[in-house]
Amino acid sequence: MRMKTKDCFAQEVFVTRPNLPSIGELSPLIRKALKRRQVTNFGELHNQLEEGLREALGVKHVVLCCNGTMGLFLLLRALGLKGRVITTAFTFPATVHAVVMAGLEPLFCDIDPDDYTLDADEAEKKLRKDVSCILGVNVFGNPCDIEALGALGKKHGIPVIYDSAHAFFCRYKDKIIGGFGDAEVFSFHATKLFSTIEGGAVTTNNREIYLRLKELINFGIHSEDSVPGIGLNGKLSEIHAAFGLLSLDRIGPVLKKLQALSGCYRQMLSCVPGLKFQKSRPGSKVNNQYMTVEVLPEEFGLTRDQLHAALKKQNVITRKYFYPPAHRYECYSSSGFARSAELPDTDKVAERILCLPIYATLDMKDVKKICGLIRSIQKNAR
Ligand code: T4K
């Protein structure tokens with residue numbers, strides 16, 4: 001399709017860009033760490049960040065770690081699980097790989113086709129004796145059915161944990177995400193609205209889980225003379241913590257900007273036939289870190305892949321998060337848990353989903369231009 005030159009972007013617009021502090025903001029913190037010569041292993045900035053997050057998320061314990069994947073893996077280990085873990089295949093590879101790496105087997109349940117979170121009814125139907133945990137993903141910041149999953153966990157005496165990689169500062173029933181279930185895991189990667197560049201955290205109100213994790217992220221060491229756990233190096237350095245402290249300071253304006261950009265997308269795209277937005281769970285509040293649309297090919301006139309390619313031609317780099325879904329990964333093609341998975345809604349959403357550019361430094365006029373492009377691509381589709 002031909003597009004007027006003025007409609008195109010001269011430079012690529014990515015799905016996201018990191019929120020970065022200036023060198024002027026960063027250097028006093030880093031200078032202090034260098035002066036102290038304590039640059040990792042639970043230094044002062046690390047401890048300040050843990051304290052700041054405890055307060056911001058209203059949770060008793062925060063364990064900072066080197067990335068969200070390590071947080072997930074070590075949390076699963078800390079829980080001492082065996083057998084199967086009920087989870088979703090509509091997620092980033094980290095979630096399912098962490099389960100498998102922890103020596104556990106995923107038991108996939110389908111997602112709700114409107115909000116993309118784990119279907120709690122299906123989880124209940126699939127729950128069997130060898131299931132030792134439920135791992136929900138608060139996908140694109142939309143909270144799972146926390147009440148239903150919590151009740152299920154309680155009924156069967158198994159822990160319920162959340163991959164909240166996307167859900168920093170999201171809310172469920174007026175409570176901030178971080179203190180739900182037995183524990184939650186955040187990613188603080190550079191692509192996240194709150195970032196330590198690489199990093200993550202496990203949050204919990206359970207002191208036992210906290211104490212076990214604290215050891216596991218430090219090689220399983222309890223004291224100078226005692227190593228009771230098989231742990232790894234999952235620590236967060238002072239340099240990363242410095243980024244986090246500065247990121248925490250500016251969270252309010254970032255959330256406000258993302259909300260405005262998301263509102264603009266929704267307003268300008270709601271009239272386009274064949275585009276469906278993710279539904280939020282009633283009583284929840286998302287952080288708008290992701291701007292997703294589902295492309296319904298019959299009505300839109302093009303498939304998701306065709307829209308993705310058409311936008312790429314105009315320098316708009318969208319992403320197909322999360323395609324392929326985990327039960328379709330090549331690495332699991334010989335695994336029974338993947339081959340036996342029947343997940344029609346997961347497959348359908350994964351085939352149609354597209355993440356549009358959204359980040360705090362994106363101009364509103366660029367969002368309007370992207371919406372204009374999508375509208376004209378759709379109009380010309382037939
Ligand atoms: N659970 C869930 C549900 C997750 O989504 C994730 C991570 C995890 C667990 C694991 O958390 P971590 O272990 O990562 O803490 C990115 C992120 O790397 C990943 O953290 C995130 N989810 C996932 C959704 O997105 P990619 O492979 O898409 O990254 P990449 O390099 O293609 O970056 C996306 C775009 O961001 C680029 O097109 C350009 C922009 N970008 C990226 C980087 C790194 C920049 O502008 N600057 C940068 O420095 O995974």
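Numbering of ligands and ligand atoms starts at 1, following listing order.
At least one test fails for R352 against the ring of F300: distance under 6.0 Å to the centre or angle within 45° of the axis. Judged by the 6.0 Å and 45° rule, R84 forms no cation-pi pair with F337.
Taking the centre of each ring, H97 and Y332 come in below the 6.0 Å mark. Side-chain rings of H166 and Y116 stay apart, their centers remaining 6.0 Å or farther from each other. With ring centers used as reference points, F180 lies under 6.0 Å from Y172.
Ring geometry for F322 against F140 counts as parallel: the plane angle stays under 30°, on a 0 to 90° scale with 60° as the upper cut.
Annotation for ligand 1: atoms under 4.0 Å from non-hydrogen atoms of R17 are 45 (C), 46 (O). When each atom of ligand 1 is checked for a heavy atom of G199 under 4.0 Å away, the hits are 15 (O).
Protein heavy atom closest to atom 50 (O) of ligand 1, with residue, atom name and distance, is F92 CZ, 3.4 Å. Atom 22 (N) of ligand 1 has K192 NZ, 3.1 Å as its closest protein atom, hydrogens excluded (heavy atom only). The closest protein non-hydrogen atom to atom 28 (O) of ligand 1 is Y321 OH, 2.4 Å. Shortest contact from atom 5 (O) of ligand 1 to any protein heavy atom: H166 NE2, 2.7 Å. Of all protein heavy atoms, the one lying nearest to atom 24 (C) of ligand 1 is Y290 OH, 3.7 Å.
Contact annotation for M70 and ligand 1: no heavy atom of the residue comes within less than 4.0 Å of the ligand. Contacts with ligand 1 closer than 4.0 Å are made by side-chain heavy atoms of D163 only, the backbone lying farther away.
Summarising the contacts of atom 47 (N) of ligand 1 with A167, S164, P18, the nearest heavy atom is found in P18. In this comparison of V15, V139, T16, the heavy atom closest to atom 39 (C) of ligand 1 sits on T16.
The backbone N or O of H240 lies less than 3.5 Å from a partner atom in the side chain of S237, making a donor-acceptor pair.
Protein heavy atoms are absent from the space less than 4.0 angstrom from atom 31 (O) of ligand 1.
Taking distance alone, with nitrogen or oxygen atoms compared against 3.5 Å, T91 stays at or beyond that limit from ligand 1.
Contact check for P143 versus T117: no side-chain heavy atoms found under the 4.5 Å cut-off.
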